[in-house]
Amino acid sequence: MARTTYYTATTLDGFIADEHDSLDWLFVQDLDEAGPLNYDEFISDIGAIAMGATTYEWVVAHNARTGEKWAYDMPSWVFTHRDLEPVADGITFTSAPVPEVHAEMVAAAGGKGLWVVGGGDLAGQFADAGLLDEIVTYIAPVTLGAGRPIFPRRYGLRLVELAQNKAFVCARYEIVGTPTLWA
Ligand SMILES: NC(=O)c1ccc[n+]([C@@H]2O[C@H](COP(=O)([O-])OP(=O)(O)OC[C@H]3O[C@@H](n4cnc5c(N)ncnc54)[C@H](OP(=O)(O)O)[C@@H]3O)[C@@H](O)[C@H]2O)c1
C-alpha cells in the first residue's frame, strides 16, 4: 500500500499557520533546500495529494499575489462542503468519506506515495481512519501562542528520523496509535 505522509512545517508550539492563516513566520527562516528531509526529494515520490479547503484557498490567494501557478502536477483532492473553483486540471473537490478518497488517491498515485498537505484536522481524519503512516515535520524556531494546530488529536508517535536543516529541526514520526503510555 502506498505510504501516506503528512509533511508540514510547524512552530515549536505546534501551529502550522497563525490565526489569520499567515505563514510569514515560516518564509523568513534559513533553510537548505537540498538538506535533510527536503521538499524536492519528498515530492518526487508523491503521486497524489489531499488538502483542506482553507489550505487550498491559501495556495490560490498566494499564487494570485505572487503570479505563481498551481505547483502540483499530480492528481489533487480538496476536501470541502462548498462549490470551489478549480485553478488547474486534476483537482477534485470532495466531501466523501476519507477512506473512499484515500482509495481513489492510491489508485491514481501509480505506486507512489500520498501527501496529506494539511490542515491538521484533515491529517487527523486520515489517522483516525487508520490511513496515515507518518508525520514529517520541519520545526521552525518560533512560537506563536495561537493558530492552526498541527495535529489536534491524542496520538502516540515514534521518532524514526531526526536532523537539523539550518534553522529547522526536521523529524519523521511514525503513527503508533492512540496513546497507551499514560492511559
Ligand atoms: N505550515 C505548513 O507547512 C502548512 C501546511 C499546510 C497548510 N498550512 C496552512 O494551515 C492552515 C490550515 O487551515 P485549517 O486548519 O483550517 O485546515 P484545512 O484542512 O486547510 O481546511 C479546513 C476546511 O477543510 C474542509 N474539510 C476538512 N475536512 C473535511 C471533510 N472531511 N469533508 C469535507 N470538507 C472538509 C472544510 O472546508 P469547508 O468549510 O469548505 O467545508 C474545513 O473548514 C491554512 O492556513 C494553510 O495555509 C500550513
Side-chain angles (χ1 to χ4, degrees), residues 4-31 33 35-43 46 48-66 68 70-72 74 76-87 91-105 113-132 134-153 155 165-173:
T4 303
T5 304
Y6 175 34
Y7 181 101
T8 189
T10 181
T11 67
L12 180 62
D13 57 344
F15 299 108
I16 60 170
D18 78 9
E19 62 268 68
H20 308 295
D21 292 306
S22 171
L23 298 181
D24 289 352
W25 53 272
L26 177 59
F27 296 137
V28 296
Q29 306 296 338
D30 202 12
L31 171 78
E33 288 181 1
L37 291 171
N38 71 72
Y39 175 79
D40 288 344
E41 245 168 61
F42 170 73
I43 197 78
I46 292 298
I49 69 173
M51 67 183 71
T54 310
T55 299
Y56 176 74
E57 290 180 307
W58 184 94
V59 171
V60 171
H62 173 81
N63 288 355
R65 270 196 312 277
T66 61
E68 290 168 56
W70 180 251
Y72 311 112
M74 65 289 288
S76 309
W77 279 261
V78 176
F79 282 83
T80 183
H81 298 96
R82 292 172 289 143
D83 286 329
L84 298 176
E85 282 296 313
V87 291
I91 298 174
T92 302
F93 297 107
T94 186
S95 57
V98 163
E100 210 173 281
V101 176
H102 185 269
E104 288 173 27
M105 293 174 71
L114 313 186
W115 177 22
V116 182
V117 182
D121 184 68
L122 183 64
Q125 293 177 49
F126 276 74
D128 293 347
L131 295 170
L132 188 70
E134 59 179 9
I135 299 174
V136 177
T137 188
Y138 266 55
I139 305 171
V142 58
T143 61
L144 291 172
R148 311 295 178 216
I150 182 172
F151 200 66
R153 294 288 193 284
Y155 266 84
N165 183 329
K166 299 268 177 130
F168 294 88
V169 171
C170 315
R172 182 190 303 276
Y173 297 92

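Side-chain atoms are counted along with the backbone in the values below, which use heavy atoms only and exclude waters and symmetry mates. Atoms within each ligand, like the ligands themselves, are counted from 1 in listed order. Computed from a predicted structure; not experimentally measured. For this chain, numbers begin at 1 and follow the sequence in order.
- Side-chain atoms of Ser22 do not come within 3.5 Å of backbone N or O of Asp18 as any donor-acceptor pair.
- Using cut-offs of 30° and 60° for the angle between ring planes, the Phe42 and Tyr7 rings count as parallel.
- Polar contact check, Val98 against ligand 1: no nitrogen or oxygen pair lies under 3.5 Å apart.
- Within the 3.5 Å criterion, the main-chain N or O of Gly35 finds a donor-acceptor partner in the side chain of Asn38.
- Contact atoms of ligand 1 toward Arg82: 38 (P), 39 (O), 40 (O) (distance under 4.0 Å to a heavy atom of the residue).
- Here the side chain of Thr137 pairs a donor or acceptor atom with the backbone of Thr8 at under 3.5 angstrom.
- Within the model, atoms CD1 of Ile91 and CE of Met51 stand 7.5 Å from one another, a figure rounded to the nearest 0.5 Å.
- In this structure, Phe168 and Leu26 have side chains that are in contact, with non-hydrogen atoms separated by less than 4.5 Å.
- Put simply, no part of Asp121 is less than 4.0 Å from ligand 1, judged by heavy atoms.
- Of all the listed residues (Tyr138, Tyr39, Phe79), Phe79 holds the heavy atom that lies closest to atom 35 (C) of ligand 1.
- Using a 4.0 Å cut-off to heavy atoms of Gly118, the atoms of ligand 1 that qualify are 19 (O).
- In this structure, atom 6 (C) of ligand 1 has a protein heavy-atom contact shorter than 4.0 Å.
- The N/O atoms of Trp25, backbone and side chain alike, include none that comes under 3.5 Å of an N/O atom in ligand 1.
- Residue Arg148 has no N or O atom closer than 3.5 Å to an N or O atom of ligand 1.
- Looking at Val87 and Tyr56, their side chains come closer than 4.5 Å, going by heavy atoms from C-beta outward.
- Within ligand 1, counting atoms from 1 as listed, the ones closer than 4.0 Å to a heavy atom of Ala17 are 9 (C), 10 (O), 11 (C), 45 (O).
- For Asp30 (side chain) and Ala167 (main-chain N/O), no donor-acceptor pair under 3.5 Å exists by modelled atom type.
- For atom 34 (N) of ligand 1, the closest non-hydrogen atom of the protein is Thr80 N, 3.2 Å.
- Within the 4.5 Å cutoff, side-chain heavy atoms of Glu57 are placed close to those of Leu84.
- Of all atoms in ligand 1, listed by their number and element, those nearer than 4.0 Å to a heavy atom of Asp21 are 11 (C), 44 (C), 45 (O).
- Environment of CD in Glu68: crowded, with over 12 heavy atoms of neighbouring residues, nucleotides or ligands closer than 6.0 Å.
- If you number the atoms of ligand 1 from 1 as listed, the ones under 4.0 Å from a heavy atom of Trp58 come out as 47 (O).
- An N or O contact shorter than 3.5 Å links Gly119 to ligand 1 by distance.
- Atom 48 (C) of ligand 1 has as its closest protein heavy atom Ile16 O, 3.2 Å.
- The option with the heavy atom closest to atom 31 (N) of ligand 1, from among Met51, His81, Gln125, is Gln125.
- Distance from atom 4 (C) of ligand 1 to its nearest protein heavy atom, with residue and atom name: Thr8 OG1, 3.6 Å.
- Ring centers of Trp77 and Phe79: at least 6.0 Å apart, outside the cut-off.
- A donor-acceptor pair is defined here as one N or O able to donate and one able to accept, closer than 3.5 Å; no such pair exists between the side chain of Asn165 and the backbone of Leu31.
- The protein heavy atom nearest to atom 42 (C) of ligand 1 is Thr54 OG1, 4.8 Å.
- The shortest N or O to N or O distance between Ala53 and ligand 1 is under 3.5 Å.
- Any N or O atom pair closer than 3.5 Å counts here, and Ala9 shares at least one such pair with ligand 1.
- Where the criterion is an N or O separation shorter than 3.5 Å, residue side chain and backbone included, Thr55 meets it with respect to ligand 1.
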